Structure formats: C-alpha cells, structure tokens
Q: 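Okay, here's the structure, questions in a sec.
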There are 2 protein chains.
Amino acid sequence: MLDPRKLHLLRELARRGTIAAVAEAVTFTPSAVSQQLSALEREAGVPLLERTGRTVTLTPAGHLLVEHAQAVLEQLERASAALAAVRGGPAGPLRIGAFPTAARVLLPPALAHLTGAHPALEPRVAEIDPADVSAALRAGELDVALVHEYDFVPPVTDASIETAPLFGEPMYLTDRPSVAAARSDAWITGKPGTLCHSMAIRACQAAGFEPRVRHHVDDFDTVLAFAAAGLGVALVPHLAATAPPPGVRLTRLPLSRRTLAAFRKGNGAHPAIGAAVTAFRTAVPHLPL
Amino acid sequence: MLDPRKLHLLRELARRGTIAAVAEAVTFTPSAVSQQLSALEREAGVPLLERTGRTVTLTPAGHLLVEHAQAVLEQLERASAALAAVRGGPAGPLRIGAFPTAARVLLPPALAHLTGAHPALEPRVAEIDPADVSAALRAGELDVALVHEYDFVPPVTDASIETAPLFGEPMYLTDRPSVAAARSDAWITGKPGTLCHSMAIRACQAAGFEPRVRHHVDDFDTVLAFAAAGLGVALVPHLAATAPPPGVRLTRLPLSRRTLAAFRKGNGAHPAIGAAVTAFRTAVPHLPL
DNA sequence: GGTCGAGCATAAGCTCAGCTTAAGCTCGAA
DNA sequence: TTCGAGCTTAAGCTGAGCTTATGCTCGACC
C-alpha cells in the first residue's frame, strides 16, 4: 500500500523543486526526504525522479503520481475534517495567517466574534504574505489564511488549496489621475516577491510602460507617508486609504482587490474553518468600504 | 495524518463484525488489530468502537469514518493502478478467483488467450464461491474474480467492489415444467451460504413455497447425476447443462444468471485487470450458450 | 582553472511504532 | 459452574525511519 506520508513529500517536491526545500518545509533533514523518496520509487516500481548531477526533477511518471497523491491527500483531509465535525463544535487551536492590512483591520473584530461564539477555539495569528500562503497551508503550518488577489495578478492557483471569497474593494492611486499619467514618476511598491509588488508592476505594464520602482515598502501607512513627502506614487487599496495623510490626493481607479479565505482542499468541512470564514464575513460589514 | 492501514482495519471490522475475524483476514493476531484500532480512536479523538463485554460494535462516528476510509482506500487503489499502467503492459502475478463452473468452462480458453497476449502475466487461479469474493478481494487475496448473480439474489453490494458484466445465460429445471410444479418435490441445492443455495430458495419462495431441500451438492455434474437417479429436482445454469445425463429432461425457465468480473474499486485502470476482463469476454463467444 | 558552496546520496547508528506472545477479564452457552 | 470465544493489557523484540557524518557532483566566482 502506498504511504501517504511519502506521497506528501513527492507532492512538496513537485512544488518546491529541491529536496532541501522539502526537508525544510517538513522540518526533516534532506537525508530523510531522500531516503523516503527512494523508498517510494522502489515501491512504485518505476523511476519518479531524474537525478542529473546535483539537481533532481520529476519524471512524467512522477508527475502522474503527484496527481494521484493530490487526490489521496484531499480525501484524508476530508476524513479528518469529518472527524473534527463529529467531535463537536469548533475547538482547539486554529492557526490563522493574514496579510498585514487584514491583520490590523479585519482580524480584531473577526476574532472577537469568533472567540465569543466559540470559547473553546484558540485562534493563533501569524502575519504572512499571500504569496507564501499556499506553501504554509500545505505544510500544515497554517489552517486558514486571508489572502487577496488583484486584477492582473493570477489568483491562488494550487490544486491543493481552496478559497472562499470575503469581500472586494477598489484601488486608489496617489496624486495622479490615472496609472498612465504616472508613466514617468518614481514608484513605491511592495518588496519583490510580494503580491503587492507584482500587482503594481502588472498594472503599469497593462498601461503600457515599465514602472521605475524607487522604493520597496510593504506597509501602506508608510507608503502613504512616502507619497505625502513627494517621494513617489503608489497604488493603495481602499482599506489602507481611509485616512490619507494631508497632501496626498487619492484617485479611485477601475481596479479592484478581492480578499479571500484560503484553506486546504477537503478541509472546508472542518467546523473551525467554517466558523472562521463565518466570523470573517461577519466582520466585513463593519469595515469602512 | 490518518493512517490508511488503520482505516483499512476499521473498514474490515465494519464488514466482518469481530476483531478476531479482521485479524484472521489480514493474518495478524487479534491483539495487533485491537492495538491499531485503539490507536486510531486516540488519533480520531472520538470513540469509534463500543465495547460491550466481549463484543465490539461501531459507533455512528465509526461508521462515518468507514465511509471516508472507503474513499481514501479507493484513491490509493487508483494511484497503484496508475503506477502499474505506467510500468508498461500487464505483467506479474494476477490472482484470479472463479466459481467451479467458470473455472472449468470459461477459464481455460480465457487464460490461453491471456497468456498468449501478455506473456509477462502470471495468472494464478483459485476456486472460490461468489459469496466470499468481496472479502477476498478486499483482503488483497485476489485481484479479480468471476462471480454470478441470479434473479432474486441481490448482486454484489459492497461499496469497495466494482463489477464488469461478461455474459448471461438461462436457467433450467430438471424433470418438471415449472418451479411451481416442483412444490412437493425433494430439492437439490448448493451448500448453505453459497449463492446457488440462496438462488434456489428465493426462486421457490417467488413461486410461493418453501422448498424441501434434501441434498446439498455444489458441483452441477453431481447435481445432474442425482437428478438422473431420481433423488430430487434442481435448478442448473445453461453452462452446466449442455450434456445432461440420459433420463434428465431440462426445461428452460424465464430465469437467468449473469456472470461478471469483480475487482477492487479504483483498480479497473490496472492493465492486468483490463487484460483479464478482455480475455474473459473474448472467451465468451466460444461458450455453448 | 582552482576553490567554494549548494544539493543529493549513502553509511552507520539509534529510537520508537507496531508486531508477537502471554496472561487476564467478560460473558453466553452447556 | 465450567468452558470457550472474544477483547484488552503487559512485556518484549524487530524493523522502519529518523539523525549525524561523509562523500560526490556541479555551477559560481575570483
């Protein structure tokens, strides 16, 4: 019988690319991962990995098995969720990941509602950029996460992750009437690798130019302070722009950002996940949208 | 993460009813099964078994988990079948179960065709009554089995077993024009617990009487010899009635028997299973139906 | 073109999950 | 009341699977 633990390692290898990265994700040594994958290959009776020097890539058979691993792990997740549901209402630790703006604006009322409704639940929040959410969910470091997706930026596209939409909000540009009008300005974006960074780049590309990025700042309050000081222009979401500093003029753009809850596929039936999504949605009407 | 091996034990317990029977099926000691199920309960966090004295029954939560176990094991079976397919054509051992008539009539030409088309395949045949097929398939003692279903007898009804129809044949009654006309005769049926036994009982019940069963004989040649000796009447399928002994008159009834190939759900994509079903079907046209 | 470091595999050793045997408990049947 | 079928618990042993240690390969960098 195929071992789901080994299948999980194979799936992680398919996503992360190196055995070392898989080992880090599951807090094993690379040696252990290597041994497990070798054993899986032996049981499979067909090469799954191609070793070329110091790198390793999946064979077509490997990719095929990853597809099946996905289905198996999803079913196991469903079974666990069903057990959690039969154990009773939401209880125990619930690890929540959130991007900074959500952590500040959405989570306080949501968590108040959540712990009020389910005293046995122990929510634990960690800040995380949406770009890293899929990996953290798959690795079991998080149970549910708040993420956003922008126009121009592909949404979470991971077969093992499921999302539930929460709300949308418009985007604003500082001090210019349109993205095209900021063609020759200095830009303030998020750090490379974050979703906010990609979002700004893609929006400018869609307007026909490559932005000149001068400052990499993740916190939108700081971004607005920079803009107020005339250091550049930036795109900010509504939630971060309810009280702009004096001297910053915001123009609403035909761009939007959607916020979603993400969790492992098959885990949606888990009562704690359901309670969290409900709490998030309950908190949304109180937001200054 | 839930362990599929433990889930398999729970599923077997749901079918077989006692820990001792499960242990016998998987060739463990009852102690090992008991320990594994206790561990599963601990991981599940909810009672799955109810111990009342020396017997054990599944709780509702236990039954729920069995449903999920079924889905998980089916996905694992699919994954294994996909690997077997990617390994190449049908090869290796293939354990085939068959009821006696099929073993004598259908299997010789089917196996000739099978090994001719796939020399790397090593078919191994074991005679088995259709009533025991599901358990043997689930336990992994067989890979594919020939079974039959009669009118009046419910077909294989096991969520973990899948069937592929092969052929149907009419049934015959010895020395009487109809079942109703044999109301007061002595009957020859299969041994209690076999499908042939149930079939005869149900057919008589449908005709409005309870048969007086005097002889329990499984082999249809022997049955016909008994009938020729005037020891009773019997229902025989066409395949067993192509050369009745002198003195036995056969009447074709509006009853039929269907022969099917059975295998574990999810295993249908296994190349050896596919090849076997094809071979069975190829052999059917040569049968004296 | 050496040198360094990142990445993977193998060897050796150790720990613990999971099996067996043995013994005890419970309950229905004779 | 005794016996046996069935489950659990205790104790011990083996092997799967982890770690550490070591060696190999190859691209990057001076």
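Naming: A, B, ... by sequence-line order, numbering from 1 per chain. From a predicted model like this one, the values you see are computed outputs, not experimental measurements.
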Q: Round to the nearest Å and state the distance from Ile19(A) atom CD1 to dC18(D) atom P.
A: 13 Å

Q: Between atom CG in Leu40(B) and atom C1' in dC7(D), what is the gap in whole Å?
A: 17 Å

Q: Enumerate all atom pairs, one protein N or O and one N or O from nucleotides 1-4 of chain D, separated by less than 3.5 Å.
A:
residue: dG4(D); atom: N2; partner: Arg54(B); partner atom: NH1; Å: 2.7

Q: To the nearest 0.5 Å, how far apart are CG in Asn267(B) and OG in Ser160(B)?
A: 11.5 Å

Q: Are Lys191(B) and Cys196(B) close enough, and set up right, to give a side chain to side chain contact (heavy atoms under 4.5 Å, CB included), and what steps lead you there?
A: CA-CA 8 Å; Lys191(B) 284 206 283 279; Cys196(B) 294; over 6 Å; no

Q: What is the distance from CD of Glu43(A) to P of dA16(D), rounded to the nearest Å?
A: 11 Å

Q: Kindly check if the number of other-residue, nucleotide or ligand heavy atoms within 6.0 Å of CD (Glu43(A)) is above 12?
A: yes

Q: Should we say atom CD of Glu24(B) is surrounded by more than 12 heavy atoms from elsewhere, each under 6.0 Å from it?
A: no

Q: Let me confirm one number: the CD-CG distance from Gln35(A) to Leu37(A), rounded to the nearest 0.5 Å.
A: 10.5 Å

Q: Mind calculating the distance between CZ (Phe28(B)) and C1' (dC19(C)) to the nearest angstrom?
A: 8 Å

Q: So Ala20(B), base contact, sugar-phosphate only, or nothing? Heavy-atom distance under 4.0 Å.
A: sugar-phosphate

Q: Under 6.0 Å from the CZ atom of Arg51(A), do we count more than 12 heavy atoms belonging to anything else shown?
A: yes

Q: Please state how far atom CG in Leu37(A) lies from atom C1' in dA9(C), giving the value in whole angstrom units.
A: 12 Å

Q: Here's a test of your reading of the structure: between Gly17(B) and Pro30(A), which maps to the more 5' nucleotide of DNA chain D?
A: Gly17(B)

Q: Could you tell me how far apart Glu50(B) (CD) and dT26(C) (P) are, to the nearest whole angstrom?
A: 17 Å

Q: Counting only heavy atoms not in Glu122(B) (residues, nucleotides, ligands), do more than 12 fall under 6.0 Å from its CD?
A: yes

Q: Looking at Arg16(B), does any N or O in its side chain come under 4.0 Å of the phosphate oxygens OP1/OP2 on dG6(D)?
A: no

Q: Taking any heavy-atom pair under 4.0 Å as a contact, classify Thr18(A): base, sugar-phosphate, or nothing.
A: sugar-phosphate

Q: When rounded to the nearest 0.5 angstrom, what is the spacing between CZ in Arg5(B) and NE2 in His8(B)?
A: 10.5 Å

Q: Using atom CD of Gln36(B) as one end and atom P of dT20(C) as the other, report the distance to the nearest whole Å.
A: 10 Å

Q: Between Thr52(B) and Ala32(B), just flag the one whose closest nucleotide in DNA chain C comes earlier from the 5' side.
A: Ala32(B)

Q: Just the atom pairs and distances: protein N or O near nucleotides 9-13 of chain D's N or O, under 3.5 Å.
A:
residue: dT9(D); atom: O4; partner: Ser31(B); partner atom: OG; Å: 2.9

Q: Check the distance between dA6(C)'s C1' and Glu24(A)'s CD and give it to me in whole angstrom.
A: 14 Å

Q: Could you walk me through whether Arg138(B) and Asp158(B) pass salt bridge (Lys or Arg N to Asp or Glu O under 4.0 Å), step by step?
A: CA-CA 10 Å; Arg138(B) 279 200 323 271; Asp158(B) 187 312; 2.6 Å; yes

Q: If you check the Thr29(A) side chain, which of dG18(C), dC7(D), dT19(D) turns out closest?
A: dT19(D)

